[in-house]
Amino acid sequence: MFKPVSSRLNITLLESEILRFWKKYDIFHQSMDSKEGGPEYVFYEGPPSANGKPGVHHVLARVFKDMFPRYKSMNGYHVSRRGGWDTHGLPVEIEMEKRLGFSNKQDIEDYGIAKFNEHCRDSVFTYIQDWEKLTDRIGYWVDLDEAYITYENSYIESVWWLLKSIWDKGLLYQGFKVVPYCPRCGTPLSDHEVAQGYAQATDPSIFVRMPLVEEENTSLLVWTTTPWTLPGNVAVAAHPDIEYVKVALGEGANKEYLIMAKPLLEKVLGDQSYAVVKTFKGKQLKGKHYRPLFTFMPIEKDAHFIVLADFVTTEDGTGLVHLAPAFGADDMQMSLEYDLPILMTVNESGRFINDIRPWAGMWVKDADPLIIDDLAQRGLMFKVGSYEHTYPFCWRCDTPLLYYARSTWYIRTSALKDRLVALNENINWYPEYIKHGRFGNWLENNIDWALGRERYWGTPLPVWECETCHHQLCVGSVAELEELTGRNLSDLDLHRPYVDNVHLVCPECNGRMSRVQELIDVWFDSGSMPVAQWHYPFENIDTFKEQFPADFICEAVDQTRGWFYTLHAISTLVFDSHCFKNVISLGMILDKDGQKMSKSRGNVVDPWDVIDKHGADALRWYLYTAGPPGQERRFSEDLVGEVMRTFTLTLWNTYSFFATYANLDEWSPSQDVKPEYSDLDRWLLSSLHALIRDVTEAYETYNVTAATRPIEKFVDQLSNWYLRRSRRRYWKTESDSDKAAAYATLYEALQTLAYLLAPTMPFMAEEMYRNLVLEVEPEAPASVHLAEWPKYDPSMIDEKLNRDMVTVMKLASLGHAARNSENLKVRQPLAEAAFVVGNADEQSVVADFADLLMDELNVKEVSLLGSASEAVEFSLNPLPKQLGQRFKAMFPRVRQTLLVLPADQSARKLLDGKRLTITLEGEEFEITPDEVEVRAEAKEGYAVASEGAYLAALVTDLTPELVDEGLVREFVRRVQSLRKDADLDIADRIHLYYSASERLTKAISSFQDYIMEETLAKTVTSGETPENLPMLRDEFDDEFVRISIEKI
RNA sequence: GGGCUAUUAGCUCAGUUGGUUAGAGCGCGCCUCUGAUAAGGGCGAGGUCUCUGGUUCGAGUCCAGAAUGGCCCA
């Protein structure tokens, strides 16, 4: 016996029971332990940070992460799924600053780094319970008890080891990074802060001559709005593909040549007269040297020549851009590319340094007019004006921000660009376009990783520098630090400020060494997890080797340049290996109007609202099926409700139907009656095995929609076609081989669905499995998640049968349409339905599925209308695909020729499988039946419906017997609804009493046996009805009836 | 400003190597079926496939440009 299944589903109750069951028997750990010794499948959890509440977008990532480990586990793989938490970084600090009411770094220093960091450490798990609860509730199986935590000493030590490896390869270096900087506050501003302070500003707009060294009397014309940056100039950038010109201006002694971009000639020179001497592409300027405007500072490297850059535009200026690497991000980038010197002409207060003699100590903006004068006096100023634009100011003090180079640490990832690109080829991306698009482009244009952060709560950069001789060394472990200091540091917290208090003796000069101030980018933390989660190489050496690289990772698309990149970069740098083999990059979740979900918009959907209402499975299923995973998706609770109605409940009720009737019949998979499968059964099983095949294939290629949507379609066909057409087979009293086949087929389908749904709807699958499988097979694994993934049997798949059933469905649909067109209710039996089908192949379906069609359409007979039929008129539809490909440009004429042929006659030929011959411009062509569709239409006077090559026609004449039978079916339906209203059980027997009008009474008595069978009536009595029984009166088709039933 | 991506019915999405009448589900209206179902079936309303050019006998599909949304980076 199966556990009874109510047709009413209480989803939250069901899911909570299953959660209890999983917990009680620790099924999650069993699912790992039981596969010990099997092949490893490696999954990496991208660590979330628990200092904010989890939202529906976290659910998205988590359910996608969950399905593949579950699938692989069912296929015999051992999948350990270690959780992790990201705990460092600026967001944590900002949250804490807010709470403590701080507004800048000085506040933190005054408060004390130790105390501040202690608060940060405490705050990172503020919402950990929300995370754990939600993770558990949605059925995401991940090992949070063993989760790695990025702030732990062991984790940091592994990160140090990685940094040391990179240091040893000479790839960790100190350089400059240009940041928006407030000279008054003495601090860089974050992007967020900069965005608050944009305002309209007027700056000088000057055009300066930079004379070329090797071309007489010829200057580059260069534009800038920041004259104070000119003493820092080291190069000029031109666009490689823009056209430049050399123009001649002036007369006699004033004659000179200028070089600038051609499209900007008019704008810059206005109505001055000039002559274009030469036109050429920007790339031809590359490497030409010019005389520096200023020579205040000594320069050791080659400088003052033309470089090529894509960021040069022809919107403003001259198409030649002055580069001062200390004061512009693009400029700095070019200096790395061309190895240019970096001239720090300005100090941290925004004033010129002493080397800049005429203006030393002057606030740079004040120096602008003086610099302009100086250049003008030397004949280098071509034109002076002013320029209005938006410019960022400090949101605190309104000082104009300077873009200013600060010393910081970099990883020279650009040195390994080719490896980064090559190793990306080993990765399977889903969606595929990310590989060579967003990610590949990013790698191709790789720039060095700016690693340093001047902050407090994070992994300290383990570089010590000598205060005397500036010798630097990188420390890769606590043991190494102990050796260098000769102290026991096993209790040392590796965070600031404690680690800053560790000083070393310089091996070069015996001076005192201190740690540099910086922390590292928090992305380096998470990108280190393959190594650091195991405290490799200090422990778990074998485990690390077994768990690297990952088979599968999955996060949202915003991680492309975040975690995906840092994983890839670190493993390329340290191991020369890719880090993950398969990756799914998920689209973002938007609200129902396509807007980004954000707290400020107030459109954030709380996952709990959805889960409490529709359950975790429905939410999961929605997320898998709603659209391609890589695409952003609009989310609303209603759409999850739709999953519930159209999929979950359909499946549930099929399952409930099965359990109910199987129990009534005491059917079990081991019963002795040998099943005799019908075509309908064979069709369902054929579809089922094709489904197993397709879903398995989809999992193997990480195609989530293909692994889920077909299941939905199958369930729809199972319920609304197979079961609807088979219902009577379960109702009938005798337990024959046909009934056995019906049960066996439905059972196999439902049981298989439990397995196929296990990775995606773990709750529903568990419920079905435990009832359908465990109840009859107590030795089976206790959970579907411990069971084996089903294998398909190719011999069960009958493609022809699958196609035929599609045709049958189409004919049935047309039959219904035909009834509808004449307002003929399905309850009214008709004498005959006749069909036309498109081609010879399909003609057998009408005979093969005659019973099914008769039953579905409530007709006494079905037949096939041949090509000779009088009832049908044919026309030709030349098929553009076939004929177009064959005749190309001739197609329109071929089509015309076919359309003017005598349609009826040609169609009959084609229907008999013969070819047509047409003549076109004196040439003869044979047209095959595949190239023309024959369309059928009924002549007047029949109830018909047609679509393309298919047609259904109904014989509408009614005999008195057919009318009687129709009346009886109306009567039966009313008895049934009375039974239902009276809350009778489906198997309850009744006494049936009625009184009715004369015609109906006659009909009822002549179909008495049929009525008794349909309504489970032991007796049918006409006349007076006993008192106090459920009763119904009704009128239909000019007849009157009163019905009462009595439960026996 | 740059890169990537998307835009098809009121909503959520399909749409094969280009094939002439662009589909499904939900929602809406009418009808119908039902002792598994919160369901099923039929009909109907609802589309300048974001726009502009181009290639082609033929473009939702290919190419170029633009607009708008999203993500990332400046």
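Quick caveat: nothing in here was measured; it's all calculated off a predicted structure.
Among B:U34, B:C57, B:C72, the nucleotide with an atom closest to any side-chain atom of A:Asp558 is B:C72. Listed nucleotides B:U34, B:G70, B:A14 differ in distance to A:Arg709; the shortest reach to its side chain belongs to B:A14. Checking B:G42, B:C73, B:C33 against every side-chain atom of A:Arg827, the shortest atom distance belongs to B:C33.
Of the possible donor and acceptor atoms, none in the side chain of A:Asp448 sits under 3.5 Å from a partner among the backbone N and O of A:Tyr410.
Taking atom CZ of A:Phe564 as the reference point, atom C1' of B:C72 lies 13 Å away to the nearest angstrom. Remark: P of B:G41 and OH of A:Tyr722 are 19 Å apart, rounded to the nearest angstrom. One interatomic measurement links the two molecules: CG of A:Asn703 to C1' of B:U16, which rounds to 15 Å at whole-angstrom precision. Computed from coordinates, the A:Tyr950 OH to B:G42 C1' distance equals 19 Å when rounded to whole Å. When the C1' atom of B:C71 is taken as reference, atom CG of A:Leu586 falls 13 Å away, rounded to whole Å. Taking atom CZ on A:Phe439 and atom P on B:C73, their separation rounds to 14 Å, with Å as the unit. Rounded to whole angstrom, the span from the CD atom of A:Gln717 across to the P atom of B:A24 amounts to 15 Å. One interatomic measurement links the two molecules: CG of A:Asn858 to P of B:G42, which rounds to 17 Å at whole-angstrom precision.
Rounded to the nearest Å, the gap between the C1' atom of B:U8 and that of B:G46 is 14 Å. On the P atoms, B:G41 is 47 Å away from B:G3, given to the nearest whole Å. Rounded to whole Å, the C1' atom of B:C71 lies 29 Å from the corresponding atom of B:C26. If you take atom C1' in B:G27 and the same atom in B:G65, they sit 38 Å apart, rounded to whole Å. When the P atom is used for both B:G44 and B:G1, the distance is 49 Å, rounded to whole Å. Separating the C1' atom of B:C11 from that of B:C73 is a span of 33 Å, rounded to the nearest Å. A distance of about 29 Å separates the P atoms of B:A64 and B:G23, rounded to the whole Å. Across B:G69 and B:C31, the matching C1' atoms stand 41 Å from one another, rounded to whole Å.
Checked against salt bridge (charged side-chain N to carboxylate O under 4.0 Å, His left out), A:Arg886 has the following partners two or more places apart in sequence or in another chain: A:Glu931. Remark: A:Lys810 pairs with A:Glu947 by the salt bridge (charged side-chain N to carboxylate O under 4.0 Å, His left out) rule, at least two apart or across chains. Under the side-chain contact (heavy atoms from CB on, under 4.5 Å) criterion, A:Gln885 pairs with A:Lys881, not counting sequence neighbours. Here A:Leu639 pairs with A:Tyr622, A:Ser636, A:Glu642 under the side-chain contact (heavy atoms from CB on, under 4.5 Å) rule; sequence neighbours left out. Residues forming a salt bridge (charged side-chain N to carboxylate O under 4.0 Å, His left out) with A:Arg729 (at least two apart in sequence, or on another chain): A:Asp681, A:Asp738. Qualifying side-chain hydrogen bond (donor to acceptor under 3.5 Å, both in side chains) partners for A:Arg709, counting only residues two or more places apart in sequence or in other chains: none. By the ring pair (Phe, Tyr, Trp, His ring centres under 6.0 Å) test, A:Tyr743 is found to be paired with A:Trp667, A:Tyr730, residues two or more places apart in sequence or in another chain being considered. In terms of the salt bridge (charged side-chain N to carboxylate O under 4.0 Å, His left out) criterion, residue partners of A:Lys3 (sequence neighbours excluded) are, by chain and number, A:Glu767.
When heavy atoms are screened at a 4.0 angstrom cut-off, A:Gln885 is found touching base atoms of the nucleic acid. Heavy atoms of A:Pro431 sit nowhere under 4.0 angstrom from any nucleic acid atom. Nucleic acid contact for A:Lys888: base, since at least one base atom lies under 4.0 Å from a heavy atom of the residue. A:Leu1016 comes within 4.0 angstrom of nothing in the nucleic acid, heavy atoms only.
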Using atom names, set out every protein N or O paired with an N or O of nucleotides 36-38 of chain B below 3.5 Å, distance rounded to 0.1 Å.
from, atom 1, to, atom 2, distance (Å)
B:A36, OP1, A:Arg727, NH1, 3.0
B:A36, N7, A:Arg727, NH1, 3.4
B:A36, N6, A:Ser719, O, 2.9
B:A36, N1, A:Ser719, OG, 2.9
B:A36, N3, A:Asn653, O, 3.1
B:U37, OP1, A:Lys980, NZ, 3.4
B:U37, O4', A:Asn653, OD1, 3.4
B:U37, O4', A:Asn653, ND2, 3.4
B:U37, O2', A:Asn653, ND2, 3.3

Kindly give the atom pairs (protein nitrogen or oxygen, nucleotide nitrogen or oxygen) under 3.5 Å for nucleotides 4-6 of chain B.
from, atom 1, to, atom 2, distance (Å)
B:C4, O2, A:Arg438, NH2, 3.2

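Position along RNA chain B of the nearest nucleotide to A:Asp716 versus A:Tyr622 favours A:Tyr622 as the more 5'-ward residue. The residue among A:Glu1014 and A:Trp442 whose nearest nucleotide of RNA chain B is located toward the 5' end is A:Glu1014.
Put simply, the side chain of A:Lys881 and the base of B:U16 share no donor and acceptor less than 3.5 Å apart.
Between the side chains of A:Thr705 and A:Asn703, at least one donor N or O sits under 3.5 Å from an acceptor N or O. No side-chain donor-acceptor contact under 3.5 Å links A:Asp716 and A:Trp721.
Applying the side-chain hydrogen bond (donor to acceptor under 3.5 Å, both in side chains) test to every pair with at least one member in residues 965-976 of chain A, sequence neighbours left out, gives these pairs: A:Lys825-A:Glu970, A:Arg827-A:Glu970, A:Asn858-A:Arg969, A:Lys860-A:Glu965, A:Glu970-A:Arg974, A:Arg974-A:Asp1034.
Stretches of at least 3 consecutive Watson-Crick or G-U wobble pairs, with each checked distance under 3.5 Å, appear in RNA chain B as B:1-7 with B:67-73, B:10-13 with B:23-26, B:28-32 with B:40-44, B:50-54 with B:62-66.
The aromatic rings of A:Trp449 and A:Tyr565 lie tilted to each other, with the angle between the two planes from 30° to 60°.
Under a 4.0 Å N-O distance rule, the pair A:Arg989/A:Glu1046 does not qualify as a salt bridge.
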